[in-house]
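Small disclaimer: the values here were computed from a predicted structure and weren't measured. Only this structure's heavy atoms are used, side chains among them; waters, hydrogens and symmetry mates stay out. A, B, ... follow the sequence lines: proteins, then strands. Residue 1 opens every chain.
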Amino acid sequence: MSAKGTTPTRQTAIRPATTALSVADHWDHFLARWGVNRSGHRVDPGLYALGDPAPESPVFVTANYTLSFDALRSALTDVDAYVLVLDTKGINVWCAAGKGTFGTDEMVHRVEETGLHNIVDHRELIVPQLGAPGVAAHEVKAQTGFRVIYGPVRAADLPEFLETGQATPEMRRVRFPLSDRLILIPVELVHVALPMVLSAAAVFFVAGLQGSAAVVAAVLAGAVLFPIVLPWLPTRDFSTKGFVLGAAVALPFAASVLMGTPDRAWWMRGGEALAYLLALPPVTAYLALNFTGSTTFTSRTGVRHEIFTYAPVMAWTFGTGIFLALALTLTQVLGAI
Amino acid sequence: MIQTAVLNTLAYEPDRCIGCGMCQDVCPHGVFLMDRHSSSTRKKIARLVRREACMECGACQLNCPTDAITVDSGVGCAAAMIRAALLGKEEPTCGVGADCGCSAEE
């Protein structure tokens, strides 16, 4: 094979990789899904060999996040290929592309550093489609001579893509099915766990065990239930969907206060029920709004619009509810004295 | 359709299109579709068929060799935008160093 282009003939070591995932790999994925050591799930950037690749074997490009690298290699069973791992600081392809670390410059750099020109005799890179927000294909071609071919969104579609030579429209579409939403829940849960426990403890002193339970219910509705039921909630915006779900959570608590303690003054019970109905739904709605970043379809313009529209509503209803609860507690304490 | 996903800044000038088809390939939401230029010619041209599905990822703009597409690209993430607003930062992005909850997709 001959050295083409202007690259030096030096080449770095090609590391072997397997297409089978080990128990250790699965354990690493589990930890990554639970947000443990978030930026530590990395593969060394560089060139890897799957099977026994020859100069005409395809080159796949991916990120140095273990979940990305492993999705790719485990989809390429019985394929002899090279894998070019870009340094994305342990971030997945799509997010890194949005930031530009999975990008033109890093791809050009990595092609030259590994001496890819001297290893393969073709000039094609198969890049995941979701890397496209960071990669200008015509720029990579101009700078390295390698043509970027965008492969399917999901690594699992690669065998069919390799067989037919093209990605079907369905392979090019990003969906957000239940399985993809479920897998996000652990990280959502980890994020809210500490604030939830602290708030529940604080509320305990004002509204007792039932108040703490209400906090936990509203937070879990936003972090766990919302991702699951997202497509089936009524209304058009994340915030209003969250308000609907939060109201459904608040209703039993309000009803329990109204019906549960008939010996107390009606305005006391009514006020407390109202406090639940005001304070809980915005908590769920806020978490629902925050879920926009984890979805596969929200635009920045749309999210900005939603923040400006609903953040004040959330702040006011929440503030009023908390104020009401505190005022009622104070009245009760003063009355007892 | 969710409102938050409908609003976007995508703009396309068909006059500049050379029919390479990259926008159709890179779009994760099928916003562009390659079509016959007109009944008299076999030349292809990109058509905006699902403008409302654009999530402003910016892939089409970056991969259009003739700058026929413009979009104010960015991350549609409320958590990042609220944090940026509170900390007085301009442009929220995902990834490095950010303590965001984003771990989706491979």
What's the shortest heavy-atom distance between [X] and [Y], and which atoms?
X: C54(B); Y: S299(A); value: O-CB, 3.9 Å
X: C77(B); Y: V303(A); value: C-CG1, 4.0 Å
X: Y150(A); Y: M22(B); value: CE1-CE, 3.4 Å
X: T292(A); Y: A78(B); value: OG1-N, 3.0 Å
X: T296(A); Y: M55(B); value: O-SD, 3.1 Å
X: R300(A); Y: E56(B); value: N-OE1, 3.0 Å

Between [atom1] of [X] and [atom2] of [Y], what distance do you get to the nearest 0.5 Å?
X: T301(A); Y: L10(B); atom1: OG1; atom2: CG; result: 10.0 Å
X: E139(A); Y: N63(B); atom1: CD; atom2: CG; result: 10.5 Å
X: H29(B); Y: R175(A); atom1: NE2; atom2: CZ; result: 9.5 Å

Against chain A, label [X] side chain, backbone, both or neither, depending on which of its atoms sit under 4.5 Å from a heavy atom there.
X: Q61(B); result: neither
X: C20(B); result: neither
X: C60(B); result: neither

Side chain / backbone / both / neither for [X] at chain B, heavy atoms under 4.5 Å:
X: F291(A); result: neither
X: V135(A); result: backbone
X: A167(A); result: neither
X: I307(A); result: side chain

Among the listed options G35(A), A132(A), A311(A), G100(A), the residue most often paired with chain B at heavy-atom distances under 4.5 Å: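 Option with the top pair count is A132(A).
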
Working for side-chain contact (heavy atoms from CB on, under 4.5 Å), residues Q129(A) and D25(B): CA-CA 8 Å; Q129(A) 185 191 328; D25(B) 279 359; over 6 Å; no

More than 12 heavy atoms from other groups under 6.0 Å of CD on E124(A):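 Buried by this count: over 12 neighbours within 6.0 Å.
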
